[in-house]
*Asks:* 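If you scroll down you'll find the structure; I have some questions about it.
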Amino acid sequence: MTSSSTAPGIALPARHSAGCPYGPPPAYTEAAATSRLTRATMPGGESVWLVTGYAEVRAILSDRRFSSDVRHPAFPLLIAGGRDRITENPSFLNLDDPEHNRLRRMVTGDFLVKRIEAMRPDIQRITDETLDTMTGGRTEADLVADFALPIPSLVICLLLGVPYEDHEFFQRVSRTLLTQSSSPELLLDARDEMLEYLKELTARKRKEPQDDILSRLAVRDDLTTQEIASTGFLLLVGGHETTANMISLSTALLLEQPEQISRLADPAALPGAVEELLRHLTIIHTGVARVALEDVELGGTTIRAGEGVMAMLSTANRDEEVFGGAGRPIDELDLDRDARRHLAFGFGVHQCLGQPLARAELQIALATLFRRLPGLRPAVPHEELEFRTDSFIYGMRSLPVAW
Ligand code: HEM
């Protein structure tokens with residue numbers, strides 16, 4: 001049996017600087033090739049376990065002995081410094097039950113599959129209007145700024161009741177928040193700016209409630225303004241950058257493999273194709289963090305109480321034992337692969353609340369884009385594409401396209 005004190009460590013890369021831009025950083029795949037649990041060093045210098053195998057990642061994410069509570073002194077942080085301020089006012093993403101469950105329950109109903117299915121006409125309308133604006137009188141555009149970002153951003157604003165006129169503000173703040181190279185001060189000031197904005201909005205909603213999530217939260221007497229702002233923050237930031245990056249990365253990748261695009265036109269194949277894109281791209285490259293509350297034995301290794309763990313969704317989603325077999329190799333996109341068991345949305349009690357929404361947005365955005373613009377092509381060579389190499393959520397800075 002191995003234990004933390006004897007194992008060697010690898011340094012977690014601060015940015016995705018080498019290898020295939022659509023796959024996880026090589027440091028992770030190399031670690032996964034040698035062992036399913038590896039010692040690693042976080043940017044701030046703390047040692048953690050890098051967990052790379054599918055079965056092990058699932059085991060950790062469904063085990064309550066691994067905590068998501070960012071206030072735990074050994075919780076792994078992706079930025080160096082600022083621990084005191086980072087742990088203030090956590091959203092339910094970074095809390096354990098029963099607090100996590102109490103707050104998550106307030107918004108579960110808004111993201112149920114049935115509710116999101118009923119929103120499909122709105123998402124389709126938003127997609128069509130965004131595409132009309134993008135193509136109006138033009139033959140070239142930046143797919144990130146003109147398509148991938150506005151769609152999820154408009155949809156989450158509609159759901160939350162956040163005025164879309166403020167999008168430049170919250171998109172700028174989200175960017176700063178998600179940039180790994182931002183200094184802790186810059187990042188935490190951005191977070192506080194966003195929380196202040198949401199608190200003011202909540203106060204307005206309390207006076208004049210409308211038919212939206214923030215209004216429904218604002219009129220409850222069992223939630224503090226701080227809790228409402230933290231929940232709104234999580235939904236606003238989590239609700240647009242993730243899906244936006246999936247839309248732009250999927251488009252860039254499909255434009256490099258145009259023979260697969262026709263699968264999106266088949267309504268029976270579309271949902272499965274989107275699951276494979278989610279598996280293959282797994283945009284939360286850094287993995288999800290946990291800290292062990294007790295000693296836990298996992299695959300012959302003991303993770304000690306107080307040790308941090310990074311559960312690597314990206315390498316778990318390339319586990320040959322689960323996704324290998326017929327069709328293309330595991331490192332390649334294969335829109336006919338059965339990828340339904342992927343972990344791109346996490347697993348266990350913190351599994352992504354917004355996944356029905358993300359799925360609907362991805363299916364509608366990608367199918368509509370390639371149907372309406374059959375001549376869509378990259379406007380720059382692959383080498384000139386700019387990826388978000390230093391973001392907590394992997395993606396693209398821009399994607400110049402022509403049609
Ligand atoms: C393709 C897009 C998306 C991906 C890949 C994604 C990924 C994830 C992952 C991996 C987690 C789990 C984190 C953990 O276990 O620590 C998560 C949680 C979460 N996501 Fe998403 N997400 C996406 C879209 C969305 C959208 C559209 C929303 C919505 C509004 C959203 C809201 C949330 C929330 C609220 C949580 C916290 C759940 C909890 O702690 O109980 N996500 N997401």
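What you are looking at is a predicted structure, and each value in this text was computed from that prediction instead of being measured. Both ligands and their constituent atoms are indexed starting at 1 by order of listing. Throughout, numbering of the chain's residues begins at 1 and tracks the sequence.
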*Asks:* Within the 4.0 Å heavy-atom shell around F111, which atoms of ligand 1 are there?
*Replies:* 30 (C)
*Asks:* Testing Q226, R71, R191 one by one against E88 for a side chain to side chain donor-acceptor pair (under 3.5 Å), which residue passes?
*Replies:* R191
*Asks:* Please state whether A344 comes within less than 4.0 angstrom of ligand 1, counting heavy atoms only.
*Replies:* yes
*Asks:* Would you kindly specify which portion of V107 sits under 4.0 Å from ligand 1, judged on non-hydrogen atoms: side chain, backbone, both or neither?
*Replies:* neither
*Asks:* Using a 4.0 Å heavy-atom threshold (strictly under), name the region of V288 that reaches ligand 1: side chain, backbone, both or neither.
*Replies:* side chain
*Asks:* Quick one: which ligand 1 atoms are inside 4.0 Å of a heavy atom on M246?
*Replies:* 1 (C)
*Asks:* Which ligand 1 atoms are under 4.0 Å away from a heavy-atom of I156?
*Replies:* 30 (C)
*Asks:* Go through ligand 1 atom by atom and flag the ones less than 4.0 Å from a non-hydrogen atom of V349.
*Replies:* 41 (O)
*Asks:* With a 4.0 Å cut-off, would you call R138 and D146 a salt bridge?
*Replies:* yes
*Asks:* What residues, two or more places apart in sequence or in another chain, satisfy ring-ring contact (aromatic ring centres under 6.0 Å, His included) together with Y54?
*Replies:* F323
*Asks:* Near atom 21 (Fe) of ligand 1, which protein N/O/S atoms are found at less than 2.8 Å?
*Replies:* C352 SG
*Asks:* Which of the atoms of ligand 1 are close to L313, meaning less than 4.0 Å from one of its heavy atoms?
*Replies:* 10 (C)
*Asks:* Counting from 1, what ligand 1 atoms have a heavy atom of H100 closer than 4.0 Å?
*Replies:* 39 (C), 40 (O), 41 (O)
*Asks:* Only heavy atoms of T243, strictly under 4.0 Å: list the atoms of ligand 1 that pass.
*Replies:* 2 (C), 27 (C)
*Asks:* Consider ligand 1: state whether an atom of it lies below 4.0 angstrom from any non-hydrogen atom of T282.
*Replies:* no
*Asks:* Are E46 and T41 close enough that a side-chain donor and a side-chain acceptor fall under 3.5 Å?
*Replies:* no
*Asks:* Any idea which of R290, H350, R359 brings a heavy atom closest to atom 16 (O) of ligand 1?
*Replies:* R290
*Asks:* If you define the side chain from C-beta out and look only at heavy atoms, does anything of L399 sit under 4.5 Å from L385?
*Replies:* yes
*Asks:* Looking only at non-hydrogen atoms, which of E241, R104, E361 approaches atom 38 (C) of ligand 1 most closely?
*Replies:* R104
*Asks:* With atoms numbered from 1 as shown, which atoms in ligand 1 lie under 4.0 angstrom from a non-hydrogen atom of L234?
*Replies:* 35 (C)
